[in-house]
Asker: 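To start, I am sharing the structure in question, which I have written as structure tokens.
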Amino acid sequence: MGTSLFFALNAPKDNRLLAALPEEDYQALLPLLEPVVLPLGMALYEAGGVQGYVYFPTSGIVSLLYVLENGSSAEIAVTGCEGLVGIALFMGGETTPSRAVVQSAGHGYRIKAAALKTKFEAGGALQYLLLRFTQALITQMTQTAVCNRHHAVDQQLCRWLLLSLDRLPANDLVMTQELIANMLGVRREGVTEAAGKLQAAGLIEYSRGKITVLDRPQLEARVCECYAVVKQEYDRLLPATVLESA
């Protein structure tokens, strides 16, 4: 795919953080943005590894995972077209113990770490938006930890489905039960049972690694308070043009 066609199909402003920038700031950033394809399973960075770029997804979902020494993992947050991947680069940490992996294939733009740090340190609208997104992301991480400790697996699955749907254009997700178990940090049998409950209640349809949400209102009624806490914080901290109501 040529660069011009990529820009036509996946405009930088399909990322809502970039879309929220004043036009002058956006135009100054535009020449520094490089289009990228985000295939399923791609690792944008590894735990403790050098992060050379910050990514602004325009579609798809990126999972932030914490991986233990024995290889098991748990998802601590998800990011899509509402935000970015790589907050450690402009927050001064340079690296992070988490891993960023594409959970749902899509597209996006990336910018070199040094270039974004220069723009961030200059202050203004870009710094303001990135800091507010970071606060919203920290809220999601904190609430995920609480949810995984205190709520049932079917409630965790509801939260995960809703957060994913908020970042996708359709009601379908391609994800095996094994991958969902890795995301939630639970046994596969627990996901099988939880998905079975939701399917029996008519909330989802699950077949051959594809989940279709059939009744979102009932899914929202069944989920624990953790989803609402996260969504309200994103809505509070970010402009309406950044994260619109689902």
Side-chain angles (χ1 to χ4, degrees), residues 15-17 19-20 44 55-66 73-88 91 96-104 106 108 128-171 173 175 179-186 191 194-195 198 203-204 211 213 215-246:
N15 177 278
R16 295 170 190 169
L17 273 184
L44 302 187
Y55 293 82
F56 293 89
T58 55
S59 60
I61 301 174
V62 178
S63 291
L64 306 184
L65 302 166
Y66 194 93
S73 63
E75 185 179 80
I76 56 177
V78 292
T79 298
C81 63
E82 86 290 351
L84 59 89
V85 180
I87 64 171
M91 296 298 289
T96 176
S98 63
R99 183 173 189 254
V101 179
V102 178
Q103 168 192 308
S104 179
Y128 173 82
L129 281 170
L130 297 192
L131 287 176
R132 289 176 77 88
F133 169 75
T134 300
Q135 183 176 340
L137 186 66
I138 290 171
T139 297
Q140 185 187 162
M141 292 177 175
T142 304
Q143 204 66 37
T144 297
V146 172
C147 188
N148 290 349
R149 173 65 179 84
H150 291 284
H151 294 141
V153 175
D154 59 323
Q155 291 180 308
Q156 294 178 43
L157 180 57
C158 288
R159 169 183 56 80
W160 182 83
L161 287 170
L162 289 168
L163 287 174
S164 297
L165 287 180
D166 286 347
R167 290 155 176 83
L168 293 173
N171 289 331
L173 297 94
M175 184 68 62
L179 286 176
I180 296 172
N182 288 337
M183 296 293 179
L184 298 179
V186 300
V191 173
L198 298 182
L203 276 61
I204 67 170
I211 300 175
V213 175
D215 193 336
R216 176 167 181 147
Q218 285 302 311
L219 202 65
E220 291 180 352
R222 190 167 185 140
V223 74
C224 53
E225 70 266 27
C226 297
Y227 169 69
V229 169
V230 172
K231 189 174 190 312
Q232 288 167 10
E233 192 70 349
Y234 272 78
D235 291 344
R236 181 182 75 84
L237 288 169
L238 301 175
T241 53
V242 178
L243 189 63
E244 300 168 348
S245 298

Asker: What heavy-atom pair brings Thr144 and Glu75 nearest, and what distance separates the two atoms?
Answerer: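 Answer, listing the atom of Thr144 first, then Glu75: CG2-O, 3.5 Å.
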
Asker: Evaluate the side-chain contact (heavy atoms from CB on, under 4.5 Å) criterion for residues Gln140 and Glu233: first the C-alpha distance (whole Å), next the side-chain angles of each, then the deciding distance (0.1 Å), finally the verdict.
Answerer: CA-CA 9 Å; Gln140 185 187 162; Glu233 192 70 349; over 6 Å; no

Asker: Grab the two heavy atoms, one from Arg236 and one from Arg132, that are nearest each other, plus how far apart they are.
Answerer: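 Smallest heavy-atom distance, with atoms named: O-NH2, 3.5 Å.
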
Asker: Can you tell me how far the CG atom of Leu163 sits from the CZ atom of Arg159, to the nearest 0.5 Å?
Answerer: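 Going from the CG atom of Leu163 to the CZ atom of Arg159 covers 6.5 Å.
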
Asker: Apply side-chain contact (heavy atoms from CB on, under 4.5 Å) to residues Cys147 and Cys224 and explain how you reach the verdict.
Answerer: CA-CA 8 Å; Cys147 188; Cys224 53; 3.5 Å; yes

Asker: Could you tell me if Arg16 sits above the aromatic ring of Tyr234, with its cationic atom closer than 6.0 Å to the ring centre and no more than 45 degrees from the axis?
Answerer: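 Pair Arg16/Tyr234 does not count as cation-pi.
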
Asker: Looking only at heavy atoms, which two atoms of Gly83 and Leu17 are closest? And how far apart?
Answerer: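 Gly83 and Leu17 have their closest heavy atoms at CA-CD1, 3.6 Å.
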
Asker: Calculate, to the nearest 0.5 Å, the distance between atoms CG and SG belonging to Leu203 and Cys158 respectively.
Answerer: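 Separation between the atoms: 6.5 Å.
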
Asker: Answer yes or no: is there a side-chain heavy-atom contact under 4.5 Å between Gln155 and Tyr227?
Answerer: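 Result no, sub-4.5 Å side-chain heavy-atom pair not found.
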
Asker: When rounded to the nearest 0.5 angstrom, what is the spacing between CG in Asp235 and CD in Gln232?
Answerer: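 Output value for this atom pair is 8.0 Å.
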
Asker: Does Leu65 offer a backbone N or O that forms a donor-acceptor pair with the side chain of Arg99 under 3.5 Å?
Answerer: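 Answer holds: no.
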
Asker: Ignoring hydrogens and angles, tell me if any N or O in the side chain of Glu82 forms a donor-acceptor pair with the backbone of Arg167 under 3.5 Å.
Answerer: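 Judged by distance alone, no pair lies under 3.5 Å.
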
Asker: Please report the interatomic distance CG(Asp215) to CZ(Arg222), rounded to the nearest 0.5 Å.
Answerer: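 If I round to the nearest 0.5 Å, the distance is 11.0 Å.
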
Asker: Test side-chain contact (heavy atoms from CB on, under 4.5 Å) on Phe133 and Leu84 and set out the steps.
Answerer: CA-CA 8 Å; Phe133 169 75; Leu84 59 89; 3.9 Å; yes

Asker: Measuring from atom OG of Ser98 to atom CG of Leu64, what distance do you get when rounded to the nearest 0.5 angstrom?
Answerer: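 It is 5.5 Å, given to the nearest 0.5 Å.
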
Asker: Over all heavy atoms of both residues, which pair between Val62 and Pro57 is shortest? Give the atoms and the distance, please.
Answerer: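 Heavy-atom minimum between the residues: CG2-CG, 4.4 Å.
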
Asker: Supply the atom-to-atom distance Leu130 CG to Ile87 CD1, rounded to the nearest 0.5 angstrom.
Answerer: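 The CG atom of Leu130 sits 10.0 Å away from the CD1 atom of Ile87.
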
Asker: Under a 4.5 Å cut-off applied to non-hydrogen side-chain atoms, are Leu162 and Glu220 in contact?
Answerer: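 Side-chain contact under 4.5 Å: yes.
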
Asker: Is there a donor-acceptor pair closer than 3.5 Å between any side-chain N or O of Asn15 and the backbone N or O of Thr58?
Answerer: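 Judged by distance alone, no pair lies under 3.5 Å.
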
Asker: Compare every heavy atom of Val85 with every heavy atom of Ala100, then report the nearest pair and how far apart it is.
Answerer: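 Answer, listing the atom of Ala100 first, then Val85: CB-CG1, 3.8 Å.
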
Asker: Please name the pair of heavy atoms, one in Leu157 and one in Leu198, separated by the smallest distance, quoted to 0.1 Å.
Answerer: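 Looks like CD2-CD1, 3.7 Å.
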
